[in-house]
Amino acid sequence: MSNKPATLFDKVWDSHVVRKIEDGPDVFFIDRHFIHEVTSPVAFLGMENRGLKVMFPEKTFATADHNTPTINQHLPVQDPLSANQLKALETNSNKYGISHWGLGNPKNGIVHVVGPENGITLPGMTIVCGDSHTSTHGAFGAIAFGIGTSEVEMVLSSQCIMQPKPKKMRINVNGQLGKGITPKDVTLYIISKLTAAGATGYFVEYAGDVFENMSMEGRMTVCNMSIEMGARGGIIAPDETTFNYIKGREKAPKGEAWDKALAYWKTLRTEEGAAFDQEYTYDAADIEPMITYGTNPGMGMGITKHIPAALAGDSKTSYEKSLQYMGFHEEEAMIGKKVDYVFIGSCTNGRIEDFRAFASIVKGRKKAEHVTAWIVPGSHIVEQQIKEEGILDILTEAGFQLRQPGCSACLAMNDDKVPAGKYAVSTSNRNFEGRQGPGSRTMLASPLVAAAAAVTGVVTDPRELIA
Amino acid sequence: MAYDKFTILKSTAVPMPIENVDTDQIIPARFLKATERKGFGDNLFRDWRYETDGTPKKDFVLNNPIYSGKILVAGKNFGSGSSREHAAWAIYDYGFRCVVSSFFADIFKNNSLNIGILPVQVSPEFLDKIFTAIESDPKAEVEVNLETQTITIPATGDSESFAINSYKKHNMMNGFDDIDYLQAMKDEIKVFADKSMY
Ligand code: SF4
């Protein structure tokens, strides 16, 4: 070992390299593997065609989320193709002895919500899943990233994948966030600065007092969105906030194992003077509530601003195509634009804190008549909390309905689709063309901005509604 | 062997000078419901290619009969967004073996290499040259030589070298994949796993 100061990322990465291939990738060991119904069936099939078995079934966890309905989950799933994928997940999990939280299981929910809330996600781990927002788990000081189906097959059959080590970037945000500024605004702000491809090839460590003062839910929101600026993943050093969150969760270490783990976790910090390939620093005071106006998450701006003229870096035609799709124009204000749909949920903003934020604005107000709102908890545990904390009563009072957990309108594989041409303010992570249904127009924002839109029916600065 | 060997590919190319083409455009989420790897090519670029009633959109490049070939040439930041390997499957299934762009998203690049599509990253200037060549002659060919790591436009003689690590290159040229490699080192992995704390 050299004595060069190491980054948090180096420490976790280097301790998981089984073999280094010269001018090739590292053979990289995976501690936790999450699977869901959409990206795993072909991997199991591939394994079977080669006559392979699951090497460590206890390191893989299955949950159904992408394809599931958000109402009447007790009834058989209507769409035969979706039902078929759910069945395949169950059959494959049972066959190989993999823990499976299917539809209706009290532990069921979005993979990146249930992993942390059950203590499966821990600091210092390597975690992968056939879903790009696996980066969420980096909030715990884990190296976590999305993989393709071929790699799912690799992890199942050998617990390893082949990965070149990414470059390292650090993003610092210092200072005090203003009233009504949430972690989602912080991440949309960073992405708007870096663009949708600005961190491609990098793994990002988030540092500075804004992240240190952030809750675990907030850190998950930030790490979740890392992929939207092209990064392989994001990571935040574990601290007391992290340890307090994990302690006592179902699969978290207990007793002596806890003490031992804790001692190790406390070493997971970037050392003074460690080198990054790239570093950016931002001031918290510059961040407003954010909203996107285009068709990639880099096309975001402060909600009180006007849509900029063509972005530096992207060609004029791509930019115009994007605005045309959205039905927006350069130099227009976003405030006051009509909103047809509001979606709160997803692995980005489907945790309890997000629903608390949403309810804080909705309380004592009514849903705008023309708005269709989908309020979708990230898991049954979150759903339970919503009920216990009285948030459900606030929502019902205001004319909203709570749905059942799942990915829902985040990718619109189930029936929760925004119709063509309609506008949605969404707390999810992608505003790509058609992401929320063919022809749908998505504006990404925080739960507070979503709530403000839901009660006023137009894009509204949530700070005006905060007492 | 997981896919066809890749050595030299000489073909006409399909130009798509659009930037930030994300995997939701390559294959929309509603077509991810299969449990087998079949038929994804039919839905490649579905919403850019077809009207909602299924009639082909005339102005989309895949519906323009003057363009064809095994090489897709696209604007920068190709394949961003979702990790769905289905995007790479759809491109392969449609008949492409190589995608050329001035910049690729990480996961897409990985997924492509894993299933036998060669992503070739060229300079923005060279990308423009390819677009110009195809524009002036839709039958202009592009030649990709993996052995020498060069991409050439025979009509103009322009050529550029591209990067690929020697491990992946060896795999592509022999049609091997990572699973073969990992299976061969399982004992070593087992020893490693025994020492792991999780
Ligand atoms: S909520 Fe959206 S981003 Fe998250 S896992 Fe589901 S589909 Fe993927």
Side-chain angles (χ1 to χ4, degrees), chain A residues 18-19 21 23-25 27 29 31-32 38-39 41-42 45 50 52 55-56 67 79 81-82 84-85 88 122 125 130-132 146-151 153-154 157-162 164 166 196-197 200-201 230 232 261 264 296 314-315 318 321 411-413 420 430 432-435 438, chain B residues 2 17-20 22-25 28-30 32-37 46-48 52 75-77 80-89 103-108 110-112 114-115 165-170 177-183 185-186 188-193 196-198:
Chain A
V18 182
R19 183 191 281 181
I21 300 173
D23 193 27
V27 177
F29 189 80
D31 295 315
R32 287 286 178 275
V38 176
T39 54
V42 173
L45 211 63
R50 294 178 195 239
L52 304 176
M55 192 174 182
F56 294 107
N67 233 332
D79 176 354
L81 293 172
S82 300
N84 197 25
Q85 281 194 329
L122 299 174
M125 280 183 167
D131 182 282
S132 53
I147 56 176
T149 297
S150 292
E151 291 166 311
E153 188 179 337
M154 290 174 215
S157 60
S158 68
Q159 207 58 39
C160 286
I161 52 173
M162 316 284 282
T200 302
R232 206 70 178 89
Y264 169 60
N296 72 60
D314 277 357
S315 78
S318 294
K321 180 174 178 290
L411 89 166
M413 268 187 89
R430 287 188 173 140
F432 297 151
E433 287 184 26
R435 172 77 178 185
Chain B
I18 304 169
E19 295 170 358
N20 301 315
D22 60 74
T23 51
D24 275 81
Q25 308 318 318
R30 59 187 192 283
L32 308 183
K33 296 193 182 189
T35 49
E36 286 177 274
R37 197 187 136 178
R46 178 76 200 201
D47 294 338
W48 284 354
T52 32
K76 77 157 195 251
N77 196 27
S80 60
S82 149
S83 61
R84 60 187 70 154
E85 195 168 299
H86 310 67
W89 297 340
F103 198 81
F104 288 96
D106 276 339
I107 303 185
F108 178 81
N110 253 327
N111 287 343
S112 299
N114 280 334
I115 68 155
N165 69 57
S166 48
Y167 167 82
K168 282 288 179 195
K169 178 174 169 179
H170 174 82
D177 67 14
D178 292 347
I179 296 173
D180 302 326
Y181 187 96
L182 290 168
Q183 284 305 310
M185 59 175 286
K186 275 199 118 156
E188 196 178 332
I189 296 171
K190 177 84 181 41
V191 172
F192 190 94
S196 146
M197 102 175 242
Y198 297 109

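Naming: A, B, ... by sequence-line order, numbering from 1 per chain.
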Contacting region of B:K190 [heavy-atom separation from chain A under 4.5 Å]: both

Engaged part of B:K186 at the chain A interface, taking heavy atoms whose separation is under 4.5 Å: both

Looking only at B:R30, B:E188, B:E36, most heavy-atom pairs under 4.5 Å shared with chain A are made by B:E188

Between A:C160, A:A88, A:G230, the one whose heavy-atom pairs under 4.5 Å with chain B are most numerous: A:C160

Rounded to the nearest 0.5 Å, what's the gap from CG on B:L32 to CG on A:L81? Could you check? 11.0 Å

Looking only at heavy atoms, what is the nearest atom pair of B:I179 and A:M154, with distance? CG1-CG, 3.5 Å

Given heavy-atom pairs under 4.5 angstrom as the criterion, report whether the side chain, backbone, both or neither of B:D106 touches chain A. both

Counting heavy-atom pairs under 4.5 Å with chain A, which one of B:S82, B:S80, B:S196, B:A88 comes out on top? B:S82

Which answer fits B:A193, side chain, backbone, both or neither, if we ask what part of it has an atom under 4.5 Å from a heavy atom of chain A? both

Heavy atoms of A:R430 and B:G81 approach each other most closely as NH2-C, 2.9 Å

Between A:R435 and chain B, which part of the residue has a heavy atom less than 4.5 Å away: side chain, backbone, both or neither? both

As an exercise: rank A:I161, A:N84, A:L52, A:T39 by heavy-atom pairs under 4.5 Å with chain B and give me the winner. A:L52

Measuring only between side-chain heavy atoms, which start at C-beta, is A:E433 closer than 4.5 Å to B:D47? no

Quick one: does any side-chain atom of A:D23 pair with a main-chain N or O of B:N165 as donor and acceptor, under 3.5 Å? no

What residue, out of A:A261, A:A196, A:P164, A:S157, has the most heavy-atom pairs lying under 4.5 Å from chain B? A:S157

Cut-off 4.5 Å, heavy atoms of chain A, and the answer for B:H170 is neither

Largest heavy-atom contact set with chain A, pairs under 4.5 Å, which of B:N111, B:N77, B:L182: B:L182

Side chain / backbone / both / neither for B:Y198 at chain A, heavy atoms under 4.5 Å: both

Residue selection (most heavy-atom pairs with chain B, distance under 4.5 Å) from A:S132, A:A412, A:G434, A:P25: A:S132

A:G24, A:P166, A:G148, A:G146: which one forms the most heavy-atom pairs within less than 4.5 Å of chain B? A:G148

Turns out that what part of B:F104 lies under 4.5 Å from chain A's heavy atoms comes down to backbone

Indicate yes or no: at least one non-hydrogen side-chain atom of A:M162 is less than 4.5 angstrom from one of B:N110. no

Using non-hydrogen atoms only, which part of A:A420 is less than 4.5 Å away from chain B: side chain, backbone, both, or neither? neither

Side chain, backbone, both or neither of A:I147 within contact of chain B (heavy atoms, under 4.5 Å): backbone

Residue pair B:D177, A:E153: steps toward the side chain to side chain contact (heavy atoms under 4.5 Å, CB included) verdict: CA-CA 12 Å; B:D177 67 14; A:E153 188 179 337; over 6 Å; no

Only pairs of heavy atoms separated by less than 4.5 Å count here; which of A:I21, A:V38, A:T149, A:L122 has the most with chain B? A:T149

Largest heavy-atom contact set with chain A, pairs under 4.5 Å, which of B:I18, B:D22, B:T23: B:D22

Distance from A:S150 atom OG to B:D178 atom CG, nearest 0.5 Å? 8.5 Å

Is chain B contacted by the side chain of A:V27, its backbone, both, or neither, given a heavy-atom distance below 4.5 Å? side chain

Side chains of B:K33 and A:S82 only: does a donor on one sit below 3.5 Å from an acceptor on the other? yes

When rounded to the nearest 0.5 angstrom, what is the spacing between CG in A:N296 and CG in B:D24? 12.0 Å

For chain A, the option from B:K169, B:M185, B:M197 that forms the most heavy-atom pairs under 4.5 Å: B:M185

Run A:M55 and B:I189 through side chain to side chain contact (heavy atoms under 4.5 Å, CB included) and show every step you take. CA-CA 10 Å; A:M55 192 174 182; B:I189 296 171; 4.0 Å; yes

What verdict does the side chain to side chain contact (heavy atoms under 4.5 Å, CB included) test give for A:Q159 and B:F192, after you've listed the backbone C-alpha separation in whole Å, the side-chain angles of each residue and the deciding distance to 0.1 Å? CA-CA 11 Å; A:Q159 207 58 39; B:F192 190 94; over 6 Å; no

Quick check on B:Q25 against chain A: is it the side chain, the backbone, both or neither that has a heavy atom closer than 4.5 Å? side chain

